2 protein chains.
Amino acid sequence: MPSTQYASTLHVLILLAADQDSVHTSTSLAARMDTNPVVLRRIIADLSKAGLVTTRRGAGGGVSLANNPEDITLGQVADVIEADMTFDVHHVSDQTEADFLTDAALTAIEAQRRELHAASIVELDRITLRDIMQAATLRADLARLLADGLSDDQIRNGYRIEKGRLVAIDD
Amino acid sequence: MPSTQYASTLHVLILLAADQDSVHTSTSLAARMDTNPVVLRRIIADLSKAGLVTTRRGAGGGVSLANNPEDITLGQVADVIEADMTFDVHHVSDQTEADFLTDAALTAIEAQRRELHAASIVELDRITLRDIMQAATLRADLARLLADGLSDDQIRNGYRIEKGRLVAIDD
DNA sequence: TGAAAATGTAACAGCACCTGTTACATTAGG
DNA sequence: CCTAATGTAACAGGTGCTGTTACATTTTCA
């Protein structure tokens, strides 16, 4: 799957989940993700059809999450965009003479592909958007403090983790 | 992954495993798989480098399995050809202004990708080449008998399953 | 009511990747 | 020495994805 659609979709959802109070538009998201607004509208259209986000047209409109991040699993996201995450199976044109084993092998390989797909979705359903959003926000907070010149020790002693965010300790 | 390389590789291994006594060449395999011999030589070269098959050049040469089918897992096969089976992650060029969350999100998504990859290999390691080869040979035997005009009942009563093959019952 | 801002889509271009193909060097057997 | 096989390099063709332009539609706000 040389398609980056699933990763881009996750990226959008993380940005939406991490800041649910701001207005997000395809243009503002595109600037942050270094791509074109239309690319994002295509992604958002899929999410909207599946009910994961709501959109509002017109001035002041934009995109927002339809549900709480903890109620969306990565498996659902994969379903929405029909992401494959397995492998492609070649097909064999009608042979000159029947090769039963080749036909049977292709059927067995396709069955194996479906099994792997099911197992992948199960694996992805164990993670929620909240999980991956918190992993990202925590890391972003840390990078922000480091960019401000704070040392590891200063961060360790002056900040604590609360709901996946680094917050300053007042004392 | 719109590449059919993994499925083709499995296909080759199934054909080799199902008939280890015959000589298989890139040309004979290509005819059965409806593709070009060079495509198969590329696949075979990878398998050979990884030690899964042995090749012999020259007249009378060809390809054969290096190990027993029960000692080869589908996970090994995926490793050999560095099959991905996850998703691609987009990359963001150096931004005009730093977006810590976007950078952190990409890191989190990449971590998630590696987790899924590891889980997929674990899943694939549960299946051996023998397993999928037997699934294919059994189905091929059945299709062959049906093509010969036997009914389901005749097959049920006249044949039994032995080591993944349908064999006639002598009575 | 009109301008501005946003989504929703269609159409197309460019690029990258994959498969198939030709060609040829190398190796081995009879 | 001829034949048959692997091992590779080089290139062609197709396919699919991303990016882009363009425009219709919807909505808000002054």
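Proteins come first, then strands; the chains are lettered A, B, ... in the order of their sequence lines, and each starts at number 1. Values in this document were obtained by computation on a predicted structure and should not be read as measured data.
- One atom, CD of B:Gln5, and another, C1' of C:dG20, lie 14 Å apart when rounded to the nearest Å.
- Between B:Pro37 and A:Lys49, the residue whose closest nucleotide on DNA chain C is further toward the 5' end is A:Lys49.
- In this structure, the nucleotide among D:dT21, C:dG20, D:dT6 sitting nearest to the side chain of B:Ser26 is D:dT6.
- The CZ atom of B:Arg42 sits 13 Å away from the P atom of D:dA10 (whole-angstrom rounding).
- A close approach under 4.0 Å does occur between a side-chain nitrogen or oxygen of B:Thr4 and OP1 or OP2 of C:dT19.
- Transitive grouping of hydrophobic side chains (ILVMFWY, heavy atoms separated by less than 4.5 Å) brings A:Val89 and B:Val80 into a common cluster.
- For D:dG19, one of the phosphate oxygens OP1 or OP2 lies less than 4.0 angstrom from a side-chain nitrogen or oxygen of A:Thr35.
- Checking C:dG29, C:dT21, D:dT20 against every side-chain atom of B:Ala59, the shortest atom distance belongs to C:dG29.
- Below the 3.5 angstrom threshold, one finds no donor paired with an acceptor across the side chain of B:Arg56 and the base of C:dG29.
- Contact annotation: B:Thr25 does not reach the phosphate of D:dA5 (side-chain N/O to OP1 or OP2, under 4.0 Å).
- A:Thr102 and B:Arg32 are not linked by any side-chain donor-acceptor pair at a separation below 3.5 angstrom, with hydrogens and angles left out of the test.
- Not a single donor-acceptor contact under 3.5 angstrom links the side-chain atoms of A:Arg57 to the base of D:dT26.
- Rounded to whole Å, the distance from CD1 on B:Ile43 to C1' on D:dT8 is 15 Å.
- The distance between atom CD1 of B:Ile81 and atom C1' of C:dC18, rounded to the nearest whole Å, is 13 Å.
- Comparing C:dA4, C:dG8, C:dA23 against the side chain of A:Thr55 picks out C:dG8 as the nearest.
- Atom NE2 of B:His90 and atom P of D:dC17 are 17 Å apart (whole Å).
- Although no hydrogens or angles enter the test, the distance criterion places a donor-acceptor pair under 3.5 Å between the side chain of B:Ser151 and the main chain of B:Gln154.
- Atom CZ of A:Arg41 and atom P of D:dT20 are 13 Å apart (whole Å).
- As a whole-Å value, the separation of B:Asn36 CG from C:dC18 C1' is 14 Å.
- B:Ser3 has a side-chain polar atom (N or O) that falls below the 4.0 Å cut-off from OP1 or OP2 of C:dT19.
- The interatomic distance linking A:His24 (NE2) with C:dT7 (P) rounds to 12 Å, in whole Å.
- Contacts of B:Ser48 with the nucleic acid, taken as non-hydrogen atoms under 4.0 Å apart, are absent.
- A donor-acceptor contact shorter than 3.5 Å is absent between the side chain of B:Asp141 and the backbone of B:Leu138.
- Each of A:Gly58 and A:Val38 was assigned the nucleotide of DNA chain D with the nearest heavy atom; the assignment lying further toward the 5' end belongs to A:Val38.
- For the side chain to side chain donor-acceptor pair (under 3.5 Å) test with B:Thr86, the passing option among B:Gln112, B:Glu115, B:Arg113 is B:Arg113; the others fail.
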